[in-house]
Amino acid sequence: MTYIPDAQRYEVANFRRCGRSGLVLPAISLGLWQNFGGDNVFETGRAVVRRAFDRGVTHFDLANNYGPPYGSAEENFGTILRKDLSPYRNELLISTKAGWDMWPGPYGIGGSRKYLLASLDDSLQRLGLDYVDIFYSHRPTPDVPLEETMGALVSAVHQGKALYVGISSYSPELTIEAAKILKQQGVPLLIHQPSYSMLNRWIESKLLSTLDELGVGCIAFSPLGQGLLTNKYLQHVRALNDIAQSRGQSLAQMAIAWVLRDQRVTSALIGARNVEQLDNSLDALQKLQFTDAELKSIDDHAQDGNIDLWKSARESV
């Protein structure tokens, strides 16, 4: 049966400007980091993607090694594009990344020009696309000059294989340097993708203000703290759950809304195991406002959970 998206998908959709660019992103975007690889049920992932688009989610975020196995999330999403979404390509914002390990040997990891551009070509082939909307450097690489990594992103744009470029898990200082290099070559830095949640608040000290000054957008991944901010782990965050219940939200919904409380955050990047979980997360948009008392109470209980798995990559450069 031919997929026909909901004709009313944009009537209640929520979009935010990405920095000072001309681009807007949905307040909640769908990431395919987990649950969309070859080891997962294809039709479940397909149903999630279709439901997301029906509810006004236009941004789908991937990386070369999402799976497992590596590359399979892009392959599966490419199949979904071909079967269901190809008529709507101009309504979609599709991103991919390279930086972490992808294939054996020294040219299958890092920030070299050879790796990034070869990986992008492979990603486009798996996705069945001529270009992606955003191509990211997935992480800083200490043994590769930043000029080389940023130069590869510029080349991706000049070759017509990416419309915009982004970085992920870069420190504030390195973000400033990256933006400067890109600007000198005529390709602005569009967006930064850091980890951010109530249990992982590192971006508040300097990165958010840096991005604001640079006019760069911010899409926060792992807003649920790698699953800790869900009902599955209530024993660790019971006080936060009580606040969520008083707001008429699930803990996951409040966690997403909390990430979006700051207008400098363009989008919250979520995952979803199934349509039910997706709908629950998207319903966070029904209540984004917090009272001062709620925010203070959250601050009292939202302690660092030692879950910043990307800290070493960020601070090694």
Side-chain angles (χ1 to χ4, degrees), residues 1 3-16 24-63 66-68 72-81 83-85 88 91-96 127 193 195-198 219-234 241 244 247-260 265-288:
M1 183 180 295
Y3 166 67
I4 300 176
D6 191 327
Q8 299 178 319
R9 59 190 176 277
Y10 293 120
E11 291 190 6
V12 295
N14 186 321
F15 290 89
R16 292 185 174 192
V24 296
L25 270 63
I28 297 178
S29 301
L30 182 63
L32 282 72
W33 178 17
Q34 299 170 333
N35 306 309
F36 292 89
D39 291 349
N40 301 103
V41 178
F42 172 78
E43 289 299 332
T44 300
R46 182 184 186 185
V48 169
V49 169
R50 286 163 52 151
R51 177 63 172 166
F53 189 53
D54 282 340
R55 293 196 57 175
V57 175
T58 56
H59 182 27
F60 299 90
D61 179 77
L62 298 113
Y66 286 178
S72 59
E74 289 181 329
E75 290 174 350
N76 285 343
F77 189 71
T79 301
I80 296 169
L81 282 171
K83 289 177 177 288
D84 301 321
L85 295 177
Y88 313 101
E91 296 182 44
L92 304 178
L93 192 69
I94 300 169
S95 61
T96 195
L127 290 164
Q193 186 175 131
S195 59
Y196 182 44
S197 71
M198 288 191 288
I219 179 167
F221 75 88
S222 289
L224 301 184
Q226 286 90 272
L228 290 176
L229 293 167
T230 65
N231 292 341
K232 186 177 180 181
Y233 296 100
L234 278 185
N241 185 65
R247 286 171 49 84
Q249 291 182 310
S250 68
L251 178 56
Q253 288 170 345
M254 185 182 78
I256 294 168
W258 181 88
V259 164
L260 292 169
V265 176
T266 313
S267 185
L269 185 60
I270 65 166
R273 292 190 307 272
N274 50 48
V275 170
E276 180 182 8
Q277 189 182 54
L278 173 75
D279 279 335
N280 181 272
S281 294
L282 292 178
D283 285 346
L285 296 174
Q286 296 175 7
K287 189 169 185 179
L288 294 179

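This is a predicted model, so every value here is computed, not measured.
Side-chain contact check for Leu285 versus Leu260: some heavy-atom pair is nearer than 4.5 Å. Residues Asp279 and Arg55 have side chains in contact (heavy-atom distance under 4.5 Å, counting atoms from C-beta outward). Looking only at side-chain heavy atoms (C-beta outward), Ile270 and Leu278 come within less than 4.5 Å of each other. Counting heavy atoms from C-beta on, the side chains of Tyr3 and Leu85 come closer than 4.5 Å. In this structure, the side chains of Val24 and His59 stay at 4.5 Å or more apart for every pair of heavy atoms. Between Tyr66 and Asn76 the shortest side-chain heavy-atom distance does not fall below 4.5 Å. Looking at heavy atoms from C-beta onward, Leu62 lies out of side-chain contact with Phe36 at the 4.5 angstrom threshold. Asp84 is not listed as a side-chain neighbour of Val49, based on a closest heavy-atom distance of 4.5 Å or more.
In terms of modelled atom types and a separation under 3.5 Å, the side chain of Asp283 and the main chain of Asn280 share no donor-acceptor contact. A donor-acceptor pair under 3.5 Å is absent between the side-chain atoms of Arg273 and the main chain of Asn35, judged by distance alone. Using modelled atom types, no side-chain atom of Ser267 and backbone atom of Ile219 make a donor-acceptor pair closer than 3.5 Å.
Classified by interplanar angle (parallel below 30°, tilted 30° to 60°, perpendicular above 60°), the ring pair Tyr10/Phe15 is tilted.
Here the closest heavy-atom approach between residue Ala220 and residue Tyr196 is recorded as CB-CB, 3.8 Å. In terms of heavy-atom proximity, Asp6 sits nearest to Asp54 at N-OD1, 2.9 Å. Here the closest heavy-atom approach between residue Pro5 and residue Tyr88 is recorded as CD-OH, 3.0 Å. Closest of all the heavy-atom pairs between Phe60 and Ala52 is CE2-CB, 4.1 Å. When every heavy atom of Pro26 is checked against every heavy atom of Gly56, the shortest pair comes out as CB-O, 4.1 Å. Residues Gln249 and Ala284 approach most closely at NE2-O, 3.7 Å, considering heavy atoms.
A distance of 7.5 Å separates CZ of Arg46 from CD1 of Ile80, quoted to the nearest 0.5 Å. Rounding to the nearest 0.5 Å places CE of Met254 at 7.0 Å from CZ of Arg247.
Side-chain atoms of Ser95 and Asp61 include a donor-acceptor pair closer than 3.5 Å.
In the displayed structure, Lys83 atom NZ is contacted under 6.0 Å by at most 12 heavy atoms of other residues, nucleotides or ligands. Within 6.0 Å of atom CD in Glu91, more than 12 heavy atoms from other residues, nucleotides or ligands are found, so the atom counts as buried in its surroundings.
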